[in-house]
Peer 1: 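Take a look at the following structure, please.
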2 protein chains.
Amino acid sequence: MAAISGGKTYHHGDLRNALICAAVDLATEGGPERVVLREAARRVGVSPTAAYRHFDGRGELLRTVRTHAQRLLADAMERAAAREPGADDPALAAERRVAALCRGYVGFAVDQPGLYRAAFCAPRPAAPDEPAQDRQTPDPELRAFTLLREALEALARTGTPRFGVRPASGAAAWSAVHGLSLLLLEGPLRRLSAQRRNAVVDTTLAMVVSGTRTH
Amino acid sequence: MAAISGGKTYHHGDLRNALICAAVDLATEGGPERVVLREAARRVGVSPTAAYRHFDGRGELLRTVRTHAQRLLADAMERAAAREPGADDPALAAERRVAALCRGYVGFAVDQPGLYRAAFCAPRPAAPDEPAQDRQTPDPELRAFTLLREALEALARTGTPRFGVRPASGAAAWSAVHGLSLLLLEGPLRRLSAQRRNAVVDTTLAMVVSGTRTH
DNA sequence: CCGGAATGTTCATGCGGTAAACATCGGGCA
DNA sequence: TGCCCGATGTTTACCGCATGAACATTCCGG
């Protein structure tokens, strides 16, 4: 049983999870660099080294947070797409879905900058010995990318025959929304007014939708 | 006179510059997070606190490195554009210049990951009190962006009249190359083979060139 | 009921940022 | 010329963080 009453027990009962929650909170507040083992332990009310019973160290804790953040990002995208009204024209619907997913993506980044950055924090230093992988799909875990790619493929299928989708257009589209998010978040485009920001987002989405098609 | 002979003098003579060089080296080796005040001082052969006579602290040192890295990035872009052969058709030439600049951008990121990341390291934590600026041009210092925007404007001018460039297309194009760079560098697209990477770059550039035009 | 495995805790080490007090040097001014 | 001040380095010190080692407590299966 978890300790229900206020009385502290020597064993926490669910420390791993509690630490993850605290770490996610930290990331939410200040991004990956604020995910600090000692602080997470402090918030849970446990000694710093206790965390080592559940994680290899700060690195693994951070990786766990990253996984959570990626999930939340994909959730936000799906919610945004679900809110989008359907359309009679399937091509229009597909186009709208792509745009909605992208908006959800950028919206999550802007609303949850800490989590967004945590979702893409690199496992530094990158092990240079890892084998080159040649998939176009980078990581099955990354639902965000899958959503985007599938939406683009659906868009291609609905198009008139003279349209097609370039092979790596998923990655290209992703690049655009990812770069846009980072420039808005912590890059030189932070500090834009909401109005200008929307204009930039719209222009970028137009580029993605119209620019991924061959003609 | 600077100390030419091996003999150490109490005063370094050009410590600020020496520290900057060391810090740039550190960033080159391991990105902004490896820019460590103590290590820079160590390399220069000076006590850690000496740096405080020339910088407000690690933050300012890092900001200085960032400025240097941005300059190097823009230089790389210009070199890439300069290597590009001209074309008789001005529209084609303008298009090539945009592509070359973008390639230079991504190439710099891939060749100099540490410096590239340093060029965009955020001044964390971002002061939330700073006023929203409404320029489309984020920072006159950022020559990289200026180059890209001007090339896109030139491209628009050469186009047949039915083409135009969307207002924020500079930011959109920048988003694409920036996101692409980061995904390739430390994101889920690292570990792509050079071949796949080139395919992704080509697709993204095509998106930028064809997708920034209204039609 | 007992002993080991899980799970926490206390110490200890090392690194990095930074401030305060002290030392040294170089150059201008009496 | 000689002295004194300001610029530039150094020492010492404090704090937070990551992490390992040794010790303590609890729980659970035999």
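Below, chain A is the first sequence line, B the second, and so on; all start at residue 1.
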Peer 1: Taking atom C1' of C/dT24 as reference, at what distance in whole Å does atom CG of B/Leu15 sit?
Peer 2: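 For the pair B/Leu15 CG and C/dT24 C1', the rounded distance is 15 Å.
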Peer 1: Atom OH of A/Tyr52 and atom P of C/dT10: how far apart are they, to the nearest Å?
Peer 2: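 One finds 16 Å between P of C/dT10 and OH of A/Tyr52, rounded.
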Peer 1: For the residue pair A/Phe120 and A/Tyr105, categorise the inter-ring angle as parallel (less than 30°), tilted (30 to 60°) or perpendicular (more than 60°).
Peer 2: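 If you compare the ring of A/Phe120 with that of A/Tyr105, the planes turn out tilted.
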Peer 1: Rounded to the Å, how far apart are B/Asp56 CG and C/dG17 P?
Peer 2: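 In whole Å, C/dG17 P lies 14 Å from B/Asp56 CG.
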Peer 1: Can you give me the dot-bracket string for DNA chain C, 5' to 3', counting Watson-Crick and G-U wobble pairs with both distances under 3.5 Å, using [ ] for crossing pairs and | for partners on another strand?
Peer 2: ||||||||||||||||||||||||||||||
Peer 1: Hey, is the side chain of B/Arg42 poking within less than 4.0 Å of OP1 or OP2 on C/dC15, counting only N and O atoms?
Peer 2: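 Looking at the OP1 and OP2 atoms of C/dC15, neither is under 4.0 Å from any side-chain N or O of B/Arg42.
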Peer 1: A/Leu37 has a side chain; which of C/dT18, C/dT9, D/dT19 sits nearest to it?
Peer 2: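 In terms of side-chain proximity for A/Leu37, the closest of C/dT18, C/dT9, D/dT19 is D/dT19.
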Peer 1: Is the shortest distance from a Lys or Arg side-chain nitrogen in A/Arg43 or A/Glu29 to a carboxylate oxygen in the other one below 4.0 Å?
Peer 2: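 The answer is yes: the pair qualifies as a salt bridge.
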Peer 1: Looking at D/dT19, C/dT9, D/dT10, which one has an atom nearest to any side-chain atom of A/Val46?
Peer 2: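 The listed nucleotide nearest to A/Val46's side chain is C/dT9.
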Peer 1: Is any NZ, NE, NH1 or NH2 atom of the basic residue among B/Asp202 and B/Arg103 found under 4.0 Å from an Asp or Glu carboxylate oxygen of the other?
Peer 2: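 A salt bridge links B/Asp202 with B/Arg103.
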Peer 1: Salt bridge check: are A/Glu33 and A/Arg117 linked by an N-O gap of less than 4.0 Å?
Peer 2: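 A salt bridge links A/Glu33 with A/Arg117.
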Peer 1: Please lay out, stage by stage, how A/Val110 and A/Val106 fare under the test side-chain contact (heavy atoms from CB on, under 4.5 Å).
Peer 2: CA-CA 6 Å; A/Val110 171; A/Val106 179; 4.2 Å; yes
Peer 1: In whole angstrom, what separates A/Asn17's CG from C/dT7's P?
Peer 2: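 Going from A/Asn17 (CG) to C/dT7 (P), I get 13 Å.
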Peer 1: Could you tell me the separation between the CZ atom of B/Arg38 and the C1' atom of D/dC17, rounded to a whole number of Å?
Peer 2: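 So the CZ-C1' distance, B/Arg38 to D/dC17, works out to 13 Å.
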Peer 1: Rounding to an integer number of Å, can you tell me how far A/Leu19 CG sits from C/dT7 P?
Peer 2: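 Roughly 12 Å, once rounded to whole Å.
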Peer 1: Without decimals, in angstroms, what is the distance between A/Leu62 CG and D/dC17 P?
Peer 2: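 Value for this atom pair: 15 Å.
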Peer 1: Send over the distance from A/Glu39 CD to D/dG16 P, rounded to a whole Å.
Peer 2: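 Rounded to the whole Å, the gap is 11 Å.
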Peer 1: Please confirm whether any donor atom in the side chain of B/Thr49 sits under 3.5 Å from an acceptor in the base of D/dT11, or the reverse.
Peer 2: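 Such a pair is found, so the answer is yes.
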Peer 1: Decide side-chain contact (heavy atoms from CB on, under 4.5 Å) for B/Leu180 and B/Leu205; before the verdict, give the C-alpha distance in whole Å, the side-chain angles of both, and the deciding distance to 0.1 Å.
Peer 2: CA-CA 10 Å; B/Leu180 178 58; B/Leu205 291 198; 5.7 Å; no
Peer 1: Between A/Glu39 and A/Arg42, is there a salt bridge with N-O shorter than 4.0 Å?
Peer 2: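 Salt bridge present between A/Arg42 and A/Glu39.
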Peer 1: Out of D/dC17, C/dT18, D/dT8, which has the shortest distance to the side chain of B/His54?
Peer 2: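 Looking only at heavy atoms from C-beta outward on B/His54, the closest nucleotide is D/dT8.
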